[in-house]
Amino acid sequence: MSRRRGEPDSVVAHFDGLRQDYAFTQSSRYRRRRSGVAAMGSGADYHIRHESDYLRGIEQARDLERNDVIGGVLLERAETNTVQLGYNLDAKSGDTAIDKDLEARWLDWAEDPNQCDVAGELTFHDMEGLTFRSVLRDGDTLALPLEIGSLQLAEGHRLRTPRNAFRRSEKSKIPVHGIMVDEQRRHLEYWLTRDDIDPSASLNNIGDVVKYAARGDDGHKQVFHLCHPKRVSQTRGITAFAPVFDIATMFEDLNFANLVRAQVASCIAFFRERGEMWTPPGGDSRLGARETTTRPDGSTRLTEQLSPGMEVFGEKGEKIHGFSPNLPNPEFFPHVKLILTLLGVNFGLPLVLVLLDASETNFSGWRGAIDQARIGFRRNQKWHKGRFHTPVYRWKVRQWLAEDSALERASRRDGINIFGHRWNLPIWPYIEPLKDATADNLRLANGHTTPSQFFAERHGRDAAEVYAEMVDDYASAIEYAMKKAAELNGRRSGQPPVHWRDLLRLPTPQGVTVDLDALLTEKEEPAA
């Protein structure tokens, strides 16, 4: 905008400011000035460029879990609702016999700590919970597939970059706290410190780390890096406590301060008021045991010690007032509720899940909060299986193919996808069993879903497996009922026969009725 002759500069600046597209891009005394904001923009790794600060943040998050009353609870709730009892493998190679063989191999490996864990301590389900929890708490974690067939877990603080790693001759490689990436941000190597390194020791030499190539010669991943980046330019993960770290710390301080106030209040039972008419007593009015303390200036002070149940008599001209403060004050509970709500939403947890208490809302509010939380849990489950479960399964299948020539030959048959599989994710029970089950029946009856999808979605199981179990169970029950009915009829000669249906009342589909009299009578229709 050009300024007219005689027009003040302030008017031009005012109208120029009105043309700004977004007010948040301009400074204002009402707007908090944020630190670490680059004027020309920056990648996500810029904000964690100092390795010492990044590692210190991981340890602070771990201290929140270790020592704070709410930090560990948030991680426990998120892990429990997401991982639950584990993810179930459903092999989909295209051949039933191969599927059963692969599933049997997987269960044998996953449930045996000696095969699954290089340390021989953890099952695969244990690793599921640990890896998910580590990503929330630390930001990321590693799983190393070993040639012996076991997994080795490594925590994120072991990813470090030595000081002499910056070489001018390798400008195409960019080290980001132990991960070497190229110009396309493709992970090349992972540098892990040895497990016995002193946390306070400096890392100067590149020989102090062990290098793991991100991929092998065949292009398959050799390191499973679990993290949940929020930006495409983010190499390392960030703890979920980062946005609410100060709030979580202040919550602990607030609780501690109120506990101290309550202790102090419980120690003081009365106040003594001495007016103008009060005169010092002639003798020594002793309340209890005494203690003499020395002040910094050298003078002494006599302190009376109080005890529970003590009876105090006022002196002449002295009034005694009882002391019974309202602790905690009424504003304390709404404030704590707000803090817990803010902490919970950063982990996808509504207040009713954080506290395991739904008294603050009605049933509709509780159900709505749980439904929304489950959307987040489901999303985290899909991320977790993509980063951990699927790579691990594909790695194990490649090992089995190398070890078993028969399986390798079967994998080359037409129509066989040896790596095909599905993870049946954990599900949650019905909130209102009758209504929810009715809705599921309507979906199945009207073709809104398939039985296979329904059993995978609701129960985390394969439909063929469910049908097989149902048929086998009913067959066993019918066979046993028929046997017992025959025994009864053999002992009751001349009496009305007992039908096996009298002994086994199988459930009938909704809306279907069975006339047992007609079945027992079995009268023939008269001839025409």
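The structure presented is a predicted model; accordingly, all values stated were derived computationally and were not measured.
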Side-chain donor-acceptor pair under 3.5 Å between [X] and [Y], yes or no?
| X | Y | result |
| --- | --- | --- |
| S233 | R185 | no |
| R394 | H220 | no |
| D126 | T123 | yes |
| E128 | H389 | yes |
| D357 | S359 | yes |

I'd like to know if [X] and [Y] make a salt bridge, using a cut-off of under 4.0 Å between side-chain N and carboxylate O.
| X | Y | value |
| --- | --- | --- |
| E408 | R412 | yes |
| R105 | D108 | no |
| K484 | E487 | yes |
| E155 | R158 | no |

I want to check a possible cation-pi pair here: R374 against F377, using under 6.0 Å from ring centre and within 45° of the ring axis as the test. no

Is the closest side-chain heavy-atom distance between Q381 and W423 below 4.5 Å? no

How about I427 and R378: do any of their side-chain heavy atoms sit closer than 4.5 Å? yes

Could you tell me whether the side chain of [X] and the main chain of [Y] form a donor-acceptor pair under 3.5 Å?
| X | Y | answer |
| --- | --- | --- |
| S150 | Q115 | yes |
| Q152 | L146 | no |
| D436 | E432 | yes |
| K100 | D95 | no |

side-chain contact (heavy atoms from CB on, under 4.5 Å) with R236: of D45, D140, D138, only one passes, and it is D140

Only one of T161, L159, V223, I174 clears side-chain contact (heavy atoms from CB on, under 4.5 Å) with I179; which? L159

Residue pair F241, F347: steps toward the ring pair (Phe, Tyr, Trp, His ring centres under 6.0 Å) verdict: CA-CA 9 Å; F241 284 111; F347 288 81; 5.0 Å; yes

In terms of heavy-atom contacts, does [atom1] of [X] have more than 12 from other residues, nucleotides or ligands at under 6.0 Å?
| X | atom1 | result |
| --- | --- | --- |
| D218 | CG | yes |
| R492 | CZ | yes |
| L356 | CG | yes |
| Y480 | OH | no |

Centre-to-centre under 6.0 Å for F388 and F124, is that the case here? yes

Aromatic ring pairing W109/W395, orientation class (parallel under 30°, perpendicular over 60°, tilted between): perpendicular

